[in-house]
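If you're wondering where the values come from, they're calculated on a predicted model, not measured in any experiment. Start at 1 with the first residue, then count along the sequence.
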Amino acid sequence: MNALNNILKTLVAALALLSLSCSRSFLEPEPLSFFTPENVFVDKEGFETLLVTMRKDLNREQTAQKNFMAHQWAASEAGVPWLQMDFTRLTPNSDAFQQFVNQINDIFEMVRNANTIISRIDDIEWSDEADRNRILAEALWHRSYWYYRLIGNYGDLPFVQQEVQGARVDFNTHSRWAILDKIQADMEFAAQWMPVSTAPGEPSKGAADHLLTKIYLANMAFEKAIESASRVIDGPYALMKSRFGQDASDPAKNVIWDLHRPDNKNLPQNTETILAFVDRWEAPIDARSAGLFTMRVYHCGWVNSLVTKDKDGKVGLIDSGPLYDSLGRGNPDVALSDYHSYDLWDDGRYDYLTTPDLRRADINWWDREEFFYNNPASSQYGEPFDPQNMDNPSEYWARIYAMPFYKTYVPNKPDQVGLPMGSNGDWYIFRLAETYLLRAEAYLWLGQPELAAQDINAVRGRAGAPPISGAQVTIDFLFDERARELFAEEPRQNELNRVSYILAARNERGYTLENLHQHNWFYDRVRNLNNFYAHYSDLNVLGQNPRIEPYHFQWPIDDNIITANTLGRINQNKGYVGAENNQPPLEAVEEGQ
């Protein structure tokens with residue numbers, strides 16, 4: 001507890017550096033302030049203060065409404081963007097999809113923070129070279145983490161490797177492969193110098209090897225991916241198989257519930273955590289986020305006026321009482337598909353109701369059929385919800401859907417007022433279960449499905465799911481398993497994008513790198529599995545047509561970035577307006593670029 005209190009205090013001190021990281025575009029210079037780099041980076045403590053700011057920035061993946069991870073799952077088989085289901089409206093300057101387009105600027109803020117340390121690391125004389133290398137290693141980790149996310153979102157981009165101290169308008173696009181080569185080399189250095197043991201919220205050697213495994217996979221270095229993943233699996237981690245932490249004494253719950261309680265994610269007894277950010281309600285207001293918003297982002301809009309009516313046409317569902325405390329005020333920003341709620345759990349022997357898999361246990365989910373009228377003034381008070389009372393009963397499947405309650409339930413704290421939308425809480429960034437699934441994927445690419453099955457079964461076994469054989473392991477099954485295990489944790493669109501490149505580079509299933517924007521695994525999988533697109537693309541659903549095209553496997557680059565870069569060329573992704581002006585990307589990241 002003392003360690004966490006020290007982290008919270010340090011976060012407050014780090015706020016002084018936020019002026020170094022806030023800007024609308026990575027192309028724009030920072031205004032000078034009292035807290036200039038020249039005043040701060042004069043000793044080890046100055047560099048470490050910016051590292052604290054960078055660790056705090058990791059919570060932007062999972063906190064506040066319309067966060068980065070919400071976009072990842074809204075662009076996948078598991079969900080769609082609520083009221084913005086038509087991806088053909090996504091353009092480089094689209095107001096309707098600004099959260100997809102403008103994310104590039106937000107992420108480059110974090111890249112710039114890392115570059116500040118990387119560029120200035122030798123501006124001082126270090127009394128201990130190990131301190132210098134440790135700080136540099138973590139800065140490289142942050143830059144590599146965010147570039148892995150950037151190329152997953154957008155593909156080819158400029159690789160900015162130095163602190164930008166003045167206005168620059170001469171950036172050029174590097175290929176995704178060149179960026180992968182660069183961050184792979186950076187992370188190989190970082191993995192040597194990052195410490196094995198760290199305080200909660202601080203990246204460790206395990207986090208370095210986990211990220212390196214993802215980069216190796218993306219760069220098709222599969223043998224190296226097995227080596228780095230094995231270092232994590234054989235390290236100071238273990239899958240949690242016994243009850244622990246908050247609610248451990250509640251016999252109605254299970255270990256999967258325990259694993260995903262925010263208060264349990266950074267507990268010392270949780271040996272599965274490789275890296276989780278720290279975000280506590282009890283922290284000073286400036287040191288905590290707006291909250292996780294999981295109940296707002298992923299829960300259905302069950303108190304929407306088009307849903308709430310009872311058989312008499314009066315309000316049957318109200319935003320108060322135990323139901324409201326449990327489900328909160330869902331928006332939703334991500335409308336979940338039947339693929340994630342139902343199809344994933346049907347293996348021919350079991351379905352979502354009968355599966356022994358604890359990840360779909362009744363106690364862990366809130367299903368459609370579990371809604372009931374909670375207004376005491378309603379003639380149907382306490383009765384099951386009847387979709388025929390809705391204004392448009394045909395929209396029942398879209399407006400009311402099953403929710404993975406064990407992950408999304410984050411109620412208000414006792415002294416917290418305001419709408420229950422998902423309070424502050426710690427959240428996983430990397431967890432050992434994913435490391436097993438990453439190594440399984442590397443084995444699969446190398447034609448070793450039996451070894452892949454062993455790693456998959458390690459994860460399935462903990463959940464009580466039946467084991468599988470090597471003959472059952474395909475990339476599609478593996479990504480079904482990732483969806484079962486890693487909902488709202490992995491950057492789903494990025495990982496689907498990664499596999500799309502691998503299959504195309506291997507010329508498998510008819511995919512090629514030359515026509516990737518016209519024919520790719522991401523599109524085929526999302527289009528076929530997500531029922532919004534598979535069954536309703538030609539219907540008007542909630543006032544729109546759910547549509548997606550192959551080129552949407554990547555998002556458009558903000559046109560403002562491209563047009564401001566007058567002395568260089570930042571390419572637009574194929575399929576979007578402006579791509580006709582593209583130039584061949586740079587195929588290597590040279591020093592000084």
Side-chain angles (χ1 to χ4, degrees), residues 65-67 70 73-74 78-85 291-342 352-353 360-412 416-423 487-488 530-532 536 541-544 546:
Q65 194 170 358
K66 296 179 171 62
N67 57 60
W73 288 87
V80 295
W82 185 252
L83 297 183
Q84 296 181 347
M85 301 175 195
L292 290 168
F293 272 75
T294 45
M295 294 158 71
R296 179 71 168 172
V297 169
Y298 299 111
H299 285 193
C300 62
W302 61 281
V303 292
N304 185 284
S305 61
L306 299 177
V307 173
T308 59
K309 294 182 178 63
D310 61 16
K311 64 182 181 181
D312 304 313
K314 297 180 179 180
V315 176
L317 291 164
I318 57 174
D319 52 358
S320 66
L323 187 61
Y324 189 51
D325 293 340
S326 295
L327 296 182
R329 196 169 192 85
N331 192 45
D333 294 295
V334 183
L336 300 182
S337 70
D338 285 354
Y339 158 79
H340 184 259
S341 301
Y342 304 110
Y352 80 101
L353 289 172
R360 194 56 175 90
D362 182 61
I363 192 66
N364 287 338
W365 280 69
W366 198 286
D367 280 296
R368 282 179 172 136
E369 58 267 28
E370 293 178 314
F371 278 94
F372 59 90
Y373 293 105
N374 70 330
N375 184 359
S378 170
S379 64
Q380 289 188 275
Y381 177 64
E383 295 181 15
F385 176 79
D386 184 353
Q388 294 305 312
N389 295 336
M390 293 173 53
D391 283 5
N392 189 349
S394 67
E395 292 183 348
Y396 168 61
W397 63 273
R399 292 194 177 274
I400 300 294
Y401 51 78
M403 295 162 285
F405 189 62
Y406 72 106
K407 287 212 176 176
T408 55
Y409 177 61
V410 186
N412 281 359
Q416 184 177 0
V417 297
L419 301 177
M421 296 190 288
S423 185
F487 175 76
N530 188 321
N531 59 298
F532 283 88
Y536 301 104
V541 180
L542 309 179
Q544 59 192 304

Can [X] and [Y] be counted as an ion pair, charged N to O under 4.0 angstrom?
X      : Y      : result
Lys309 : Asp391 : yes
Arg329 : Asp319 : yes
Arg368 : Asp338 : yes

Is the ring centre of Tyr352 less than 6.0 Å from the ring centre of Tyr342?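 Yes, the ring centres sit under 6.0 Å apart.
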
Measure from the ring center of Phe385 to the ring center of Trp302 and say whether it is less than 6.0 Å.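 Aromatic pair excluded; centres sit 6.0 Å or further apart.
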
With a 4.5 Å heavy-atom cut-off, do Trp397 and Phe532 have their side chains touching?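 Of all side-chain heavy-atom pairs linking Phe532 with Trp397, at least one is under 4.5 Å.
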
Is there a side-chain contact between Asn364 and Phe405, using heavy atoms and a 4.5 Å cut-off?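 Heavy-atom side-chain distance check fails, nothing below 4.5 Å.
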
Sequence-distant partners of His340, ring pair (Phe, Tyr, Trp, His ring centres under 6.0 Å), two or more places apart: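 In terms of ring pair (Phe, Tyr, Trp, His ring centres under 6.0 Å), with neighbours along the sequence ignored, His340 is linked to Trp365, Phe487.
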
Modelled atom types, side-chain donor and acceptor of Ser378 and Asp310, under 3.5 Å: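 Per modelled atom types, Ser378 and Asp310 side chains form a pair under 3.5 Å.
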
Given Tyr324, which partner from the list Ile318, Leu317, Leu419 fulfils the side-chain contact (heavy atoms from CB on, under 4.5 Å) test?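 Only one of Ile318, Leu317, Leu419 forms a side-chain contact (heavy atoms from CB on, under 4.5 Å) with Tyr324, namely Leu419.
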
Ser326: which residues meet the side chain to side chain donor-acceptor pair (under 3.5 Å) condition with it, sequence neighbours left out?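 With sequence neighbours excluded, Ser326 shows a side chain to side chain donor-acceptor pair (under 3.5 Å) to no residue whatsoever.
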
Once salt bridge (charged side-chain N to carboxylate O under 4.0 Å, His left out) is applied, do any residues pair with Arg360, and if so which ones, sequence neighbours excluded?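 Per chain and number, Arg360 pairs via salt bridge (charged side-chain N to carboxylate O under 4.0 Å, His left out) with Asp367.
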
Is a side-chain donor or acceptor of [X] paired with a backbone partner of [Y] at a separation under 3.5 angstrom?
X      : Y      : result
Glu395 : Leu542 : yes
Asn412 : Gly418 : yes
Ser337 : Asn530 : no

Carefully, step by step, assess Gln380 and Asp386 under the rule side-chain hydrogen bond (donor to acceptor under 3.5 Å, both in side chains). CA-CA 10 Å; Gln380 289 188 275; Asp386 184 353; 5.3 Å; no

Show the numbers, then the answer: is there a side-chain hydrogen bond (donor to acceptor under 3.5 Å, both in side chains) between Asn331 and Tyr298? CA-CA 8 Å; Asn331 192 45; Tyr298 299 111; over 6 Å; no

